[in-house]
Amino acid sequence: MINRFLSSSVYFGFVISIILSTSSDAKIASKCRDTDMNCAVWVCYDVIVSRSKEKFQVATNSSDCENVELVSSHCQRSCQVCGEPIDPKYDVKLLPPKLKSIAWMVGRWRSEFGGKAFFPTIPKFTYGEQVDITIADNAEDAKTPLLNYTAFAWDINMPDGDPTEIHSENGYIAVDYDKEQEKEYVSLNTAMSNGFMTIEEGESGPNQVKFRLQRIGRISFSHDSAVRIVSFKWVKRERKQRFQMFREWTLLDENRLESRLLMTTTITRRLMEHTAVIYKKIYP
């Protein structure tokens, strides 16, 4: 009887220790996070370029993680002072300086069922979506460093199991500085599962980019685009179409990213919101 009591006591103590340990780990994990939406930009390494007659010399300064107390205290996850090591594809400290202004985009963003789609010819519906924005493998060495972009949307009304795709996109994000206008522009080019290819460009702002559709193409047997061409303009003696489609990305806080798509179609004839979704950052 005593042996059974002792065995039960030992087992009970073992279970309690596991629960306390798990609870402790969970608390540590919950504390290991960024508490400021500017962390991604703050922790990027600065680069000094010194020019000589024969070559460029590039020297990397230490990140603000080591130099600024505000950054080290509010950006513990990005500075990697706690938690598991961050996959290099998502480590903004490795981001090329040219991409520093859009460091806030980097991450895996997901909305389980928060996406909303509106279109004049179909009923409004909700969807789930995951967006992955990562550092390209050759970003450090490339003349034009890039971010990889992928998006996958699924129908939340289907039975349990593998998600049923309703739309997907793959592409790249780049940054260019216009010396004449003294402005920085971000470009997004995508290939879509519906057979369309797009080029979008927008001015870079603090934690926000508003893209405007510049070019659109499609495979020969895809349906026509519903995006309306509202005007033409001449650029360097070339007649250029102007499309009425805008994509807005806004970082709401350190854990939430909002995406909105607005367009004028051949049916609506006025600018309307087409999709809207708020993602939660799930990595890193």
Side-chain angles (χ1 to χ4, degrees), residues 38-61 63-64 78 86-109 131-152 168-192 196-218 233 235-236 238 240-243 245-251 257 259 261 284:
N38 297 300
C39 283
V41 175
W42 285 346
V43 306
C44 289
Y45 282 89
D46 292 322
V47 173
I48 301 173
V49 179
S50 58
R51 302 191 177 191
S52 63
K53 293 182 179 179
E54 297 182 355
K55 61 181 181 179
F56 294 101
Q57 293 181 337
V58 181
T60 305
N61 285 342
S63 165
D64 284 345
S78 292
I86 294 175
D87 186 325
K89 294 187 299 184
Y90 298 92
D91 188 356
V92 291
K93 291 201 294 182
L94 303 178
L95 201 65
K98 197 170 184 178
L99 299 176
K100 180 176 181 178
S101 63
I102 59 170
W104 53 272
M105 295 182 183
V106 176
R108 184 175 299 151
W109 307 86
V131 172
D132 247 324
I133 300 178
T134 61
I135 305 169
D137 292 337
N138 64 339
E140 190 174 348
D141 302 322
K143 183 178 179 181
T144 302
L146 301 169
L147 296 180
N148 297 319
Y149 164 77
T150 64
F152 175 84
S168 61
E169 301 177 349
N170 293 274
Y172 300 95
I173 304 168
V175 175
D176 187 44
Y177 183 74
D178 189 319
K179 293 181 180 179
E180 293 183 2
Q181 298 186 30
E182 297 184 344
K183 291 181 180 180
E184 196 172 58
Y185 291 91
V186 183
S187 71
L188 168 66
N189 65 76
T190 59
M192 304 181 183
F196 286 90
M197 290 72 70
T198 62
I199 297 176
E200 303 167 52
E201 295 176 356
E203 187 176 337
S204 176
N207 297 323
Q208 185 182 53
V209 175
K210 183 177 181 180
F211 296 101
R212 181 173 189 156
L213 180 64
Q214 301 295 323
R215 297 285 180 91
I216 186 168
R218 66 181 177 91
K233 69 175 182 177
V235 179
K236 295 181 180 180
E238 180 184 353
K240 187 176 180 181
Q241 298 173 334
R242 287 179 64 84
F243 296 94
M245 191 186 91
F246 300 92
R247 186 196 302 253
E248 298 177 359
W249 287 348
T250 305
L251 187 67
L257 176 69
S259 175
L261 186 70

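Everything numeric in this text was worked out from a predicted model, so none of it was measured. These numbers come from the heavy atoms of this one structure, side chains and all, not from hydrogens, waters or symmetry mates.
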Considering all heavy atoms, the nearest [X]-[Y] contact:
{"X": "P96", "Y": "I135", "result": "CD-CG2, 4.5 Å"}
{"X": "V92", "Y": "A40", "result": "CG2-O, 3.8 Å"}
{"X": "V186", "Y": "M105", "result": "CG1-CE, 4.4 Å"}
{"X": "K89", "Y": "V106", "result": "O-CG1, 4.2 Å"}
{"X": "A136", "Y": "N148", "result": "CA-ND2, 3.5 Å"}
{"X": "M192", "Y": "R247", "result": "CE-NH2, 4.2 Å"}

Short question: side chain of D87, backbone of Y90 - any donor-acceptor pair under 3.5 Å? no
Can you tell me how far [atom2] of [Y] sits from [atom1] of [X], rounded to the nearest 0.5 angstrom?
{"X": "T144", "Y": "L99", "atom1": "OG1", "atom2": "CG", "answer": "9.5 Å"}
{"X": "W42", "Y": "K100", "atom1": "CH2", "atom2": "NZ", "answer": "11.5 Å"}
{"X": "S78", "Y": "I86", "atom1": "OG", "atom2": "CD1", "answer": "6.0 Å"}
{"X": "T150", "Y": "N170", "atom1": "OG1", "atom2": "CG", "answer": "6.0 Å"}

T190 and E169: side-chain hydrogen bond (donor to acceptor under 3.5 Å, both in side chains), yes or no, with the steps? CA-CA 6 Å; T190 59; E169 301 177 349; 4.9 Å; no
State, with a plain yes or no, whether a side-chain heavy atom of [X] is found less than 4.5 Å away from one of [Y].
{"X": "N189", "Y": "E200", "answer": "no"}
{"X": "L261", "Y": "M245", "answer": "yes"}
{"X": "R212", "Y": "K210", "answer": "no"}
{"X": "E184", "Y": "D176", "answer": "no"}
{"X": "L213", "Y": "T198", "answer": "yes"}

Trace of the side chain to side chain contact (heavy atoms under 4.5 Å, CB included) decision for T134 with L147: CA-CA 6 Å; T134 61; L147 296 180; over 6 Å; no
Might you work through the side chain to side chain contact (heavy atoms under 4.5 Å, CB included) test for V175 and I102, ending with a clear yes or no? CA-CA 8 Å; V175 175; I102 59 170; 3.5 Å; yes
Pair S187, E201 - check side-chain hydrogen bond (donor to acceptor under 3.5 Å, both in side chains), show working. CA-CA 4 Å; S187 71; E201 295 176 356; 5.6 Å; no
Can you see whether Y177 has K183 sitting over its ring - NZ or CZ less than 6.0 Å from the centre and within 45° of the normal?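 Geometry flag: not set, cation outside 6.0 Å or 45°.
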What do the steps show when you test Y172 against L188 for side chain to side chain contact (heavy atoms under 4.5 Å, CB included), and what is the final call? CA-CA 6 Å; Y172 300 95; L188 168 66; over 6 Å; no
Given the options F246, Y185, W249, F211 meets ring pair (Phe, Tyr, Trp, His ring centres under 6.0 Å) only with W249
Hey, would you say the F152 and W109 ring centroids sit under 6.0 Å apart? no
How far apart are the C-alpha atoms of N207 and N38, what are their side-chain angles, what is the distance that settles it, and do they pass the side-chain hydrogen bond (donor to acceptor under 3.5 Å, both in side chains) test? CA-CA 8 Å; N207 297 323; N38 297 300; 3.2 Å; yes
